[in-house]
J.: 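I'd like to ask you about the structure that follows.
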Amino acid sequence: MSQAQTTSGPALRPDLAAIADWIRPGSHVLDLGCGDGALLAHLGEAKQCRGYGVEIDDAEVLACARRGVDVVQQNIEEGLEMFRGGRFDVVVLSMAIQATHRTEKVLREMSEVAAEGIVSFPNFGHWFHIWSILLGRMPVTRQMPYQWYDTPNLHLTTIRDFEDLLEKLQLKIVGRVFLDEGRQIRAMAGKRATQALYRFRR
Amino acid sequence: MTLVVTPARLRFDQPLPLRSGASLSPYELVYETYGRLNASRSNAVLICHALNASHHVAGLTAGTTDDTGWWDNMVGPGRPVDTGLFFVICVNNLGSCFGSTGPMSMNPATGKPYGPDFPVVTVEDWVRAQARLAEALGIERFAAVMGGSLGGMQALAWSYLFPDRVAHCVVMAAAPRLSAQNIAFNEVARRAIVTDPAFHGGRFYDHGVVPERGLQVARMIGHITYLSDDTMAAKFGRMLKNGDYGFSFEAEFEIESYLRYQAEKFSRYFDANTYLLITRALDYFDPARDHGGDLTKALAEARCAFFVASFTTDWRFPPSRSHEIVKSLLANQVPVTYAEVAAPHGHDAFLLDDPQYHSLVRLYFDRIRQTVGA
C-alpha cells in the first residue's frame, strides 16, 4: 500500500493519506470527527469523491466552511440516525474513537450507515507507553499530548484489543495499516505502531 | 456607508392560481433591491421574510432617519450577504400588510377592502408570486434563496418548486412543518384576534376600529415563543418596576411591561387579518404531506446546495426540526452544510449577530460567489 501523495496540494497527514488510499474514486464518504475537513477536501480534489464531514467543534466547522467542505455539526455520540438514509460507500472515524463514550455503539452504527468502515486510533500498546508506565508515569506523546487529568481519551486500546472488538461486533477486517510516526511498518506492529488503521465490512 | 433604499411596486394582471383553488388578480408586489445585478445575471439573492417582517430587509428607507431594515446586520455593504457582490431582493408577501396586495387592499369585486375575503395563501403561493417577480426582473436563476423561520420555509419551497431556478438554499431556524404545539400557539393568537369584539368578523375597517386587544395578546404569545427562558431571565428576571409588590394586576414585573409595550407597538402597525393569514400559512406548510409524509421524497426534486442552521436555545423550531430537513437532504445526497449555533437568544437568534453564525454565512456566501461567478 502506497503512502504517496496523490495530489500536489498541502501534505495530508500520513494517517489520512493512508485512509485516502483505501477509498475508491467517486465514493460517497461520511467522515466522522472530520476536523478541518482536510481528508474530504483531498478526496474531493484527488478522487472526485462526494460526502460530508461531521464535527461538533465550532472552530473546526468554520475551518470546513472555509475549505468549502460540507459539514454537519453534530455530536457523533448522539447517534448516526441522521445519516441512515445516506447510502454511504465509506464511513471514516480517524483518531477519534478513543475519545468516544459509547465506543461499541459508534462502531455498530458506523457499520450500519456505510458499506465499509475505516477507523484509525493511537496504539496504546506502543513500547513508549509501556516504558513510561514502567517509570511510573502515564504516557504523554505527540499522538496523545495530554495529562491523565485533562485527557479527552476515554477508551484507549491496543491493536489486539481492537481486533477483538471488531470480531465481537462481527465486523470483518479487510485492511490494516500500521504507522510508526507516519511511516508504514509491518513487523512487531503491536509494540512499534504509534497509529493503527483498520478497514472493515459487515 | 449607509444604504438608502426606496421600495418598488409591480402590478401583475395575470391571475395567480392559489393552492386553495382560488386565484388572485390583479395583485401588486412591493419589493426592495440592493446592489447591482451583474451582466450574467448570476448574482441575485432572494431574501424571504417571516411573520412580522416586510420587504425592508436592509438599509434605511429613503426620507427616514430610523427605518432600518429587519436584517440589516446580515444584508448590506460588507455584511455576510454583501450587497457589494450580490443583487439582493426582498418581496413583501401577498396577504401581508406592508404594501403588497392583502386584506387591506381594495377587492375589485366589491370596491371595498378584502378583509376576511382575502384568499388563504400558502408558502407555495408566495413562492410562485416571488418567481413571477423574478421573471419580471429578468432573473432566471437565483444564486441563493435565503430566509429564517417562515422565511426559511419559503427558501425550502423554492428548492422543490423551482429546482432549476435556485443554486443555493439557505434555511435558518426553520422546520419542515409545524408541530401540534406550534399550531396550538398560533391558534391561541388567532382566537385572541377573532374573539375581540372590535374584529367584526374581519370587517373592522368598515367600522373604523382595530381589534387592538386581540392583536396585542397574539403578539405577546408570539413574542414569548421567540425568546429563550435564559434570555428572559437575563433581561428581566423577576425585576419589579416599582421595587416591590403592589398587590394589583397592573404590569408590576418588568417582563409584563415589556410584553405590553411590544404588543401595543405591534397593534399600531400590524393588520389583524394578516396575522390570521400568515399564521395559517405556517400551519399549512408541510411539503411531505403530498408525499405520504415522506420529506425525503418531497425534497427529491431539489438540485441546489443547502446551508441549514439552527440555534441551540430555539424552542419554537429547535435543532431537532432542522435535523429532519438535513436528514432528508442527506438521504437525497445533495450538498448540505448544517450548523447548530450555540446562541442564548432562542428563535430570535437568527436575527442577531452571533459571530459564529455570521462567520458561517459569510463563508457560505463566499462559496456561493465562487460557484455562480458573482
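Each chain gets a letter, A, B and so on, in the order the sequences are listed, and its residues count up from 1.
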J.: Can you tell which of B:V336, B:V341, B:D366, B:T371 has the highest number of heavy-atom pairs within less than 4.5 Å of chain A?
T.: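 That would be B:V336.
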
J.: At a heavy-atom distance under 4.5 Å, which candidate from A:D70, A:V71, A:L30 has the highest pair count against chain B?
T.: A:D70

J.: So, A:Q73 side chain and B:Y338 main chain: donor-acceptor pair closer than 3.5 Å or not?
T.: no

J.: Chain A heavy atoms under 4.5 Å from B:V334: which part of the residue, side chain, backbone, both or neither?
T.: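 B:V334 touches chain A through backbone heavy atoms alone.
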
J.: Would you please go through residues 293-329 of chain B and name the residues with a non-hydrogen atom below 4.5 Å from one of chain A, in numerical order?
T.: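 Checking residues 293-329 of chain B against chain A gives B:H323, B:V326, B:K327, B:L329.
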
J.: Can you tell me if NZ on A:K172 sees more than 12 non-hydrogen neighbours from other groups inside 6.0 Å?
T.: no

J.: Flag yes if more than 12 heavy atoms outside A:R202 fall under 6.0 Å of its CZ atom; otherwise flag no.
T.: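 Yes, the 6.0 Å shell around CZ holds more than 12 heavy atoms from other groups.
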
J.: Tell me, out of B:R367, B:Q356, B:E340, who's got the most heavy-atom pairs with chain A below 4.5 Å.
T.: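 Between B:R367, B:Q356, B:E340, the count favours B:Q356.
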
J.: What do you reckon, is CD of A:E77 surrounded by more than 12 foreign heavy atoms closer than 6.0 Å?
T.: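 Above 12, so yes.
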
J.: If we ignore hydrogens and angles and just use 3.5 Å, is the side chain of A:R66 paired with the main-chain N or O of B:L363 as donor and acceptor?
T.: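 Absent.
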
J.: Do side-chain atoms of B:Q333 reach the backbone of A:G86 as a donor and acceptor pair under 3.5 angstrom?
T.: yes

J.: Please flag which part of A:E81 lies under 4.5 Å from any non-hydrogen atom of chain B: side chain, backbone, both or neither.
T.: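 For A:E81, the contact with chain B is made by backbone and side chain together.
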
J.: Taking atom CD as the centre, does B:E140 end up with more than 12 heavy-atom neighbours from other residues, nucleotides or ligands that are less than 6.0 angstrom away?
T.: no

J.: CG of B:L330 to CZ of A:R87: how many Å apart, nearest 0.5 Å?
T.: 11.0 Å

J.: Less than 4.5 Å apart, side chain to side chain, heavy atoms only: is that true for B:L360 and A:L62?
T.: yes

